[in-house]
Amino acid sequence: MKKFKEFIDAQETLEKRLFALVLLVGAMLTVVSALVTLTENLGIFSIITTLLCSAAMLALIYVTYFLKKPKYTPLVLCCLLSFVLVPLNFFACGGINSGMPLYMLAVLFLIVPTLKGKTRISLFVLTLITDIGMIILSYFMRDDTPNLPGLPNRILVRLDEWEQTKDVLFSLVITGSFIFLFTSLMMSAYQREREEREQLLRRVTEMSRKDYLTGLYNRRELYDFMENRGRELFAGSYYAAMFDIDHFKQINDTYGHLFGDKVLSAIAQEIGKEAHMDFNRDGDSTVSAKDPAEIAARYGGEEFFLVFRCGSPEEAHARIEGIRERVSRLNFPEMNGKPITLSAGISRCRDYTEIRQVVKAADQMLYLAKDSGRDRICTAW
């Protein structure tokens with residue numbers, strides 16, 4: 001069962017998984033049906049038709065998954081069942097007096113997940129018309145009904161009451177098992193498909209919110225965050241800090257842009273940790289539940305932005321100073337022990353009434369820090 005599930009899960013799309021379910025479960029149950037027919041006294045023609053049905057299902061599996069020619073097998077399968085195998089078995093196994101109507105219902109059921117579009121509708125209607133015709137024809141081929149000219153007055157096999165009961169029971173077990181197994185596995189495949197799509201959607205959504213290189217949020221997400229805080233941003237204990245890597249162009253020119261990307265990622269992680277962002281080995285980040293009301297973002301180029309909460313200006317300065325010190329202690333062997341430094345500017349949000357004023361004040365303090373010699377922090381209060 002484990003290998004069966006692995007084979008189903010290995011199919012690329014939900015449609016392919018459903019068709020694989022139809023083929024594999026259908027083949028398994030047609031083989032069981034053939035074995036059951038061998039135990040019943042239904043005649044050689046009945047045995048031949050049920051074995052033919054099993055062989056056809058196995059042949060379709062071979063063509064689809066060994067010869068790898070699956071293009072037309074769904075349509076071939078449905079046509080074969082609807083217009084050849086089921087009609088043959090219907091008259092060979094007792095007609096309306098047998099359990100064959102249950103198989104007819106199962107075929108109508110599997111047309112839905114196997115085909116699509118106009119082909120599905122057309123074949124469903126044609127199969128339904130064929131089934132109705134067979135049932136009406138079977139009625140006129142019974143002993144106790146009027147005989148139509150040119151038709152025998154008996155169907156190929158006439159079941160007595162006990163044989164009919166057994167056949168209906170066997171047919172109920174087989175078709176019921178098919179519908180149960182197929183729908184159960186179909187729901188499992190659908191659940192996995194939905195989970196994969198939800199995971200992909202979350203991934204795409206996260207990528208649209210974050211900077212690909214550093215794992216920090218991007219500028220758009222930063223502004224959305226600040227706008228969503230509304231009055232809390234200006235009435236509470238929020239602070240904003242803007243950072244810039246000192247002499248970053250010189251680092252790029254001297255050591256190359258790949259090394260520059262490495263520096264950006266390393267510094268981004270130090271800033272992100274201050275906003276409780278956890279980074280995995282690939283540089284992707286998640287936000288812990290410690291304080292989801294803080295955000296770290298890559299503002300652009302070698303500039304970063306942090307919106308955070310503190311109880312006092314002194315505490316705010318100390319947090320940013322901690323980031324500056326940690327960055328200065330980062331060790332890059334390529335630079336032979338030479339430190340990389342940060343400049344930063346801090347503004348207090350409650351001193352302003354608009355987001356752009358908060359950002360502008362932090363930016364002005366950043367440039368003041370750079371003009372004052374770099375590797376330092378300037379505040380707007």
Side-chain angles (χ1 to χ4, degrees), residues 21-60 75-115 123-148 151-183:
L21 285 175
V22 170
L23 273 184
L24 297 180
V25 176
M28 179 178 65
L29 292 179
T30 52
V31 170
V32 172
S33 178
L35 294 175
V36 170
T37 303
L38 289 172
T39 66
E40 297 180 307
N41 186 24
L42 298 179
I44 188 63
F45 185 65
S46 175
I47 294 173
I48 291 174
T49 54
T50 53
L51 290 175
L52 179 63
C53 186
S54 302
M57 295 294 289
L58 295 174
L60 284 173
L75 181 60
V76 171
L77 171 65
C78 291
C79 290
L80 192 63
L81 289 173
S82 298
F83 308 125
V84 180
L85 299 178
V86 168
L88 284 175
N89 280 275
F90 178 79
F91 290 108
C93 298
I96 193 64
N97 296 315
S98 68
M100 282 305 299
L102 293 173
Y103 291 98
M104 296 159 69
L105 181 63
V107 172
L108 288 170
F109 170 79
L110 68 84
I111 287 174
V112 177
T114 305
L115 302 176
L123 195 65
F124 181 87
V125 172
L126 290 174
T127 302
L128 191 59
I129 293 173
T130 302
D131 292 345
I132 293 172
M134 288 191 297
I135 291 173
I136 294 173
L137 187 60
S138 174
Y139 169 78
F140 285 105
M141 295 174 71
R142 299 188 324 185
D143 286 342
D144 54 351
T145 55
N147 186 31
L148 292 179
L151 289 177
N153 62 354
R154 292 174 60 90
I155 56 176
L156 295 177
V157 175
R158 182 71 176 187
L159 303 179
D160 61 30
E161 190 171 333
W162 171 237
E163 289 175 335
Q164 180 181 347
T165 302
K166 285 196 303 180
D167 194 66
V168 170
L169 287 175
F170 281 131
S171 300
L172 178 63
V173 170
I174 292 173
T175 57
S177 299
F178 168 77
I179 292 173
F180 173 78
L181 284 173
F182 178 78
T183 52

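It should be emphasised that the depicted structure is a prediction, and the values quoted were computed from it without experimental measurement. Here, residue 1 is the first one in the sequence, and each next residue gets the next number.
With a 4.5 Å cut-off on side-chain heavy atoms, Met134 and Ile96 do not count as touching. When side chains are defined from C-beta on, Leu85 does not count as touching Tyr103, because their heavy atoms never get closer than 4.5 Å.
The side-chain contact (heavy atoms from CB on, under 4.5 Å) check on Val84 picks up Leu80, Leu88, with sequence neighbours excluded. Every residue meeting the side-chain contact (heavy atoms from CB on, under 4.5 Å) condition with Leu126, not counting sequence neighbours, appears here in chain and number order: Phe83.
Contact between Val107 and Val86 at its shortest, heavy atoms only, is CG2-CG2, 3.6 Å. Closest non-hydrogen pair, Met100 versus Ser171, comes out as N-OG, 4.3 Å. Taking all atoms of both residues into account, the shortest heavy-atom contact from Phe124 to Ile111 is CA-CD1, 4.0 Å. Residues Leu115 and Leu123 come closest through the heavy atom pair CD1-CD2, 3.3 Å.
Taken to the nearest 0.5 Å, the CD1 atom of Ile132 stands 8.5 Å off from the CE atom of Met104.
A side-chain hydrogen bond (donor to acceptor under 3.5 Å, both in side chains) check over residues 123-132, counting only residues at least two apart or in different chains, returns the pairs Ser82-Thr127.
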